[in-house]
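Only one structure is covered here, and it is reproduced in the block below.
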Amino acid sequence: MTSVNDHLEVKIVERLTRQSESGASGDGAEVTGLSGPRTRLLVPTLVLTGSLMAIVSSLGAPLIPTLSRIDGVSLSTGEWLLTVTLLIGALVTPVMGRLADGPRQRDVILFALGSVVIGCILAAVSDGFIMLILGRALQGVGLGILPVAMAIARRHLPPGKARRTIATLSVTVAIGVGLGYPVTGLIAQAWDFRAAYWFSAITVGGALVLAALVLPSRSDVVSRKFDTIGAGILSLVVIGVSVVLSEGGGWGWTSARSLGIVVGSLVLLAMWIPYELHYTDPLVDLRQVRNRAVLTADVAGFLISVAMYLLLPILVVFVQIPVARGYGFGASIVVSGLVLLPLSVGSFAASRFLVVYERRFGVRSMIPLGSLVFAVSSAFFALEHSAFWEAFVTAGIAGLGIGFTTGAMPGLIVRAVARTETGSATGFYQVVRSIGLTVGSALSAAVLMAHTHPGQQLPDVDGFRVTLLIAAGFCVVTALVSFVLPGAMADQRTTQNARQREELEESTQEDAELSTASLALAEIPSTADSQEDPP
């Protein structure tokens, strides 16, 4: 009996020591507040919420020409239906990311979903452009949900399942865009644009109820002081950059107004960086960027986001160009939206293979491979666009590339930072991506404008070709940067992950061994008692 006790005691001490070290490093999973059906519904709820937010964010794009005509505003002004959503999303994402590292993750998501529901209702009942813009702004709050969902997955799921869930969440932007365009087109064509926003209000309301029932109510994480000054300065920087990128083409990129806002934003950024580096609990821990894995994800995320909005909107617009123009296919809004469905399928399929690919080839080649696949899709349509089916093939190939790139980037961040910093780190990554999307949108508009002759409404085909080749160039740069920046650290991390999987298997065996030893201890006293007290 003494030997069994000693064996059990040694095993328990070893196990507790390993768990303590795991918790200190931030790699452990804190599965709390969940039981029964709520455990099984957590991942579907997070993925559904993220996908719905991506769909809602894209609702403005297909409706811009129609709503601009209805409300009597210019097409450039109508572009704010998309810009204001991205802008508000960029503003709230770092704030929600920091709050996600605290104890009230569920409250943050419920607040964001409630704001989106109100925004959809305002857009649906709007009788003017101002109210419609206000509704779209509230819908942008939902774009900050993604880092919160990733932080929840890491905190409440086992490590392996958390990585797969985060990979899926990271491609919901592409999946949502691929679904949002055709859904919007179908509803708007069958009824009107208000019906699209009523539909969104109902579906997001359902997600709100599901999140309230499934998500853990509160964690045991200690609340930290919120960095109000840092949030305010960063907000002003993001606003300045977004406004210049959206309006710079109309104002003139070298005009006094554009240059003044750019200089002001740079000055604020120069103030913000040292402030964040010296603040005790910063909004964004910029020291994390010293980690080459985090830096790789942020830089690659910006570059690939620029490429995304140099390809996807261009693809949709190209297929709607009347055939009489000498190019294009004269597709309707509904049909042009369906072009992006293969994008959703490809992105989701690629995200499912990430874990298998990592085990076989490591993480270092993930983003370069996805970037090159994306480059192939963009270059393909730049050179071959004489048949309608080529647009569907382009979207499908692009989806595979996006799935590998955006699916792998948050994984690099999650592996490199402590669990209590997941929301902040992924929040800053989402801000960088949002700015990249805005840059891509502005750059594509500038290229098309440069290839539009005076007196014409539509650009020459060379404008689309040049835009797509620039997108391919950004993808090639992304591949080079994402391969060089992490160096050998990515391969070392793969080795470490393999070692962790071996330790997990060993831990499972120890669990069985501990259970057996515990049963033995429970049986030994009863046997001794029966020997000492015979009937």
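Bear in mind that the values here come from a model prediction, so they are computed numbers and not experimental data.
A donor-acceptor contact shorter than 3.5 Å links the side chain of S378 to the backbone of L468. Without hydrogens or angle criteria, R415 side chain to G411 main chain gives a donor-acceptor distance under 3.5 Å. Side-chain atoms of S51 never come within 3.5 Å of backbone atoms of L48 as a donor-acceptor pair (strictly under, hydrogens ignored). Side chain of R136 to main chain of L81: a donor-acceptor pair is present (N/O by atom type, distance under 3.5 Å, no hydrogens or angles). Checked by atom type and distance alone, the side chain of E384 never pairs as donor or acceptor with a backbone atom of F381 at under 3.5 Å. Not one N or O on the side chain of S347 forms a donor-acceptor pair closer than 3.5 Å with the backbone of S344. A distance-only check finds a donor-acceptor pair linking the side chain of R106 to the backbone of A212 [under 3.5 Å]. Judged by distance alone, with hydrogens and angles left aside, the side-chain atoms of R194 form a donor-acceptor pair with the main-chain N or O of S126 at under 3.5 Å. Panel note: side chain Q139, backbone G119; a donor-acceptor pair is recorded below 3.5 Å.
Using a 4.5 Å cut-off on side-chain heavy atoms (C-beta onward), V148 and L99 make no contact. Counting only heavy atoms from C-beta outward, the side chains of T478 and F302 never approach each other to under 4.5 Å. Side-chain contact between F374 and L369 is absent, with no heavy-atom pair separated by less than 4.5 Å. With a 4.5 Å cut-off on side-chain heavy atoms, P342 and F392 count as touching. Contact check for L234 versus P94: side-chain heavy atoms found under the 4.5 Å cut-off. Side-chain contact between V294 and L412: absent, with no pair of heavy atoms (C-beta onward) separated by less than 4.5 Å. The closest side-chain heavy-atom distance from V461 to H451 is not below 4.5 Å. The shortest distance between side-chain heavy atoms of L354 and E358 does not fall below 4.5 Å.
Atoms CG and CD1, on L343 and I402 in that order, are 4.5 Å from each other to the nearest 0.5 Å. T49 OG1 to L210 CG: the interatomic distance, rounded to the nearest 0.5 Å, is 6.5 Å. Annotation: the span from L143 atom CG to L437 atom CG amounts to 9.5 Å, rounded to 0.5 Å. Separating the CG atom in L91 from the OG atom in S235 is a distance of 5.0 Å, to the nearest 0.5 Å. Atom OG of S434 sits about 11.5 Å away from atom CD1 of I88, to the nearest 0.5 Å. The CG atom of D298 lies 9.0 Å from the CD atom of Q288; values are rounded to the nearest 0.5 Å.
The environment of CZ in F199 is sparse: at most 12 heavy-atom neighbours from other residues, nucleotides or ligands sit within 6.0 Å. Residue-environment remark: CZ (F380) exceeds the threshold of 12 foreign heavy atoms within 6.0 Å.
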Item to check | From CA spacing to verdict: side chain to side chain contact (heavy atoms under 4.5 Å, CB included), V47, F348 | outcome: CA-CA 11 Å; V47 174; F348 183 78; 5.8 Å; no

Item to check | Derivation and outcome, side chain to side chain contact (heavy atoms under 4.5 Å, CB included), residues L146 and M53 | outcome: CA-CA 9 Å; L146 208 55; M53 292 306 98; over 6 Å; no

Next on the checklist: Could you walk me through whether S371 and V476 satisfy the side chain to side chain contact (heavy atoms under 4.5 Å, CB included) test, starting with their C-alpha distance in whole Å, then the side-chain angles of each, then the deciding distance to 0.1 Å, before giving a yes or no?
Outcome noted: CA-CA 7 Å; S371 301; V476 172; over 6 Å; no

Checklist entry - Can R465 and L469 be said to form a side chain to side chain contact (heavy atoms under 4.5 Å, CB included), step by step? => result CA-CA 6 Å; R465 184 180 293 114; L469 290 177; 4.2 Å; yes

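Under the 30°/60° scheme for interplanar angles, the aromatic rings of F329 and F388 are found to be tilted. Under the 30°/60° scheme for interplanar angles, the aromatic rings of Y357 and F404 are found to stand perpendicular. Aromatic ring orientation, F318 versus Y327: tilted (interplanar angle from 30° to 60°).
G463 and V447 get closest at one heavy-atom pair: O-CG1, 3.7 Å. Listed here is the closest heavy atom pair of G140 and V92: O-CG2, 4.2 Å. The nearest pair of heavy atoms linking P410 to I166 is CB-CG2, 3.8 Å. Closest non-hydrogen pair, F474 versus A307, comes out as CB-CB, 4.0 Å. The minimum heavy-atom distance between A201 and I121, with the atom names listed, is CB-CG1, 4.0 Å. Minimum interatomic distance between A211 and I109 (heavy atoms only, all atoms of both residues): CB-CG2, 4.4 Å.
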